[in-house]
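Working notes, structure below.
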Amino acid sequence: MAITEDAPPDADTDADADAGTGHPEPPPDRTPRRLTSPLVLVLALLLAVLAQSPLRGLLGTPAMQSWTTVFVAVTVQALPFLVLGVLLSAAITVFVPASFFARALPRRPALAVPVAGIAGAVLPGCECASVPVAGALVRRGVAPAAALAFLLSAPAVNPVVLTATAVAFPGHPEMVLARFLASLLVACAMGWLWQRLGRTDWLRPPAHGAHEGASKGEAFWGSVRHDVMHAGGFLVLGATAAATLKAAVPADWLRAAAATPLLSVLALAVLAVLLSICSEADAFVAASLTQFSPTAKLVFLVVGPMIDLKLFAMQAGTFGRTFALRFAPATFALAVTGAVLTGAVLL
């Protein structure tokens, strides 16, 4: 008779259970815990409570008070227009079929370009929504030149953006008119330029939209959540940059940059690309840059909705990197030129 060691009381039970089912009992979950958003928020609040004395002293300085004032003012003023623009953009993207635009546009591309540009003026939509809408238009057979004109004009000259510009620049209706005309001119010019010089092998056929196949309600709220998260984040980034420029950068530096017309225009054009602010909110950031000329501010307002970092990434993902590497620099150059010429006439 073999002598064996005593097994734990539960060993026979576990063995019987495994034998009865034919499957071994799964090992306990040893997946390491990950940081989640609620956990990060709790840790941040706890850190703020522990460091409240140093934070109180820091926030009490004149520079931080100035920073906080500008940040809150820009964010609070722009947020209602951002939310309204996102809701209208999602509604148009989901409930207006792309075939409607294909039927409404003239068949001749040269005529379809300005019609598509004007359609962007009456159909609200931020730049986050204009790229997938333009992709849907191309899939439905709309001429790429017309779809690209709509892509550039819709986030720049729609009623929500123009109303936000009027609120940000009270008593200066010429800024609203200049933004409308310069943006529409650049959008049409880019459409005609693509019609004449663009090649089909540069434009990759866009894939189906992210929300295709879902119900209209699911697609609407999915689009709203996506655009609010992205546009809201860029709004905070833009307000932070505007407040930092106002509070941290020496006034002499800003005056020196603003005093040179060419440097001020290029500085705000590059700033518009880097900040990537939603078009419903960028007017309030531009209005806070009081050191710069109206023409430089107009350049900021025209360039931002047409080409920035997030738009370049979205255009490359929708139409291909080959397209984006050619389209983005041409758009930037035409936007700066069109804004400067319009500003010289109207401002």
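Taking CZ of F312 as the start and OG1 of T331 as the end, the distance is 11.0 Å to the nearest 0.5 Å.
Residue L311 is grouped with residue L193 when hydrophobic side chains (ILVMFWY) are merged at heavy-atom distances under 4.5 angstrom, including chains of intermediate members. Residues L105 and W192 do not share a hydrophobic cluster, defined by chaining ILVMFWY side chains whose heavy atoms lie under 4.5 Å apart. By the rule that hydrophobic residues join a cluster once side-chain heavy atoms approach within less than 4.5 Å of another member, V176 and L346 end up as members of one cluster. By the criterion of side-chain heavy atoms lying less than 4.5 angstrom apart, applied directly or through intervening Ile, Leu, Val, Met, Phe, Trp or Tyr residues, V273 is grouped together with V340 in one hydrophobic cluster. The cluster map of Ile, Leu, Val, Met, Phe, Trp and Tyr, joined by side-chain heavy atoms under 4.5 Å apart, puts W202 and V138 in the same cluster.
Listed by chain and residue number, nothing satisfies the ring pair (Phe, Tyr, Trp, His ring centres under 6.0 Å) test with F180 (two or more places apart in sequence, or in another chain). With sequence neighbours excluded, no residue forms a side-chain hydrogen bond (donor to acceptor under 3.5 Å, both in side chains) with R326. Remark: A335 engages V186, V302, V303, M306 in a side chain to side chain contact (heavy atoms under 4.5 Å, CB included) (not counting sequence neighbours). Take F300 and apply the ring pair (Phe, Tyr, Trp, His ring centres under 6.0 Å) test, not counting sequence neighbours, and it matches no residue. Partners of R107 under the side-chain hydrogen bond (donor to acceptor under 3.5 Å, both in side chains) rule, at least two apart in sequence or in another chain, do not exist in this structure. Residues meeting the ring pair (Phe, Tyr, Trp, His ring centres under 6.0 Å) test with W67, sequence neighbours left out: F71.
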With a cut-off of 3.5 Å and sequence neighbours excluded, list every side-chain donor-acceptor pair involving residues 146-157.
from, atom 1, to, atom 2, distance (Å)
S153, OG, G117, O, 3.1
S153, OG, A149, O, 3.1

Just list the side-chain donor-acceptor pairs under 3.5 Å for residues 264-271, sequence neighbours left out, or say none.
from, atom 1, to, atom 2, distance (Å)
S264, OG, T260, O, 3.2
S264, OG, P261, O, 2.8

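Within the structure, every pair that satisfies the ring pair (Phe, Tyr, Trp, His ring centres under 6.0 Å) test and touches residues 324-347, not counting sequence neighbours, is listed here: F323-F327. Among pairs with a residue in residues 165-180, those fulfilling side chain to side chain donor-acceptor pair (under 3.5 Å) read T165-R179, H172-E174, R179-D282, at least two apart in sequence or across chains.
Residues G191 and A145 share a closest heavy-atom pair of O-CB, 3.2 Å. Contact between L263 and A257 at its shortest, heavy atoms only, is CD2-CA, 3.9 Å. In this structure, S279 and V161 approach most closely via the heavy-atom pair OG-CG2, 3.6 Å. In terms of heavy-atom proximity, L334 sits nearest to A189 at CD1-CB, 4.2 Å. Smallest separation of non-hydrogen atoms from P294 and M175: O-CE, 3.6 Å. Nearest approach of G338 to A182, heavy atoms of both residues: O-CB, 4.1 Å.
By the 4.5 Å heavy-atom criterion applied to side chains, P106 and V115 are counted as neighbours.
Here L111 sits alone; no ILVMFWY side chain lies under 4.5 Å from its own, so it joins no hydrophobic cluster. Through direct or relayed side-chain contacts under 4.5 Å between Ile, Leu, Val, Met, Phe, Trp and Tyr, L341 connects to no other residue.
Of the possible polar contacts, none joining the T342 side chain to the A339 backbone as a donor-acceptor pair under 3.5 Å is found.
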task: Please report the C-alpha distance between F169 and L301 in whole Å, then the side-chain angles of each, then the deciding distance to 0.1 Å, and finally whether the side-chain contact (heavy atoms from CB on, under 4.5 Å) criterion is met.
output: CA-CA 12 Å; F169 293 91; L301 296 177; 4.1 Å; yes
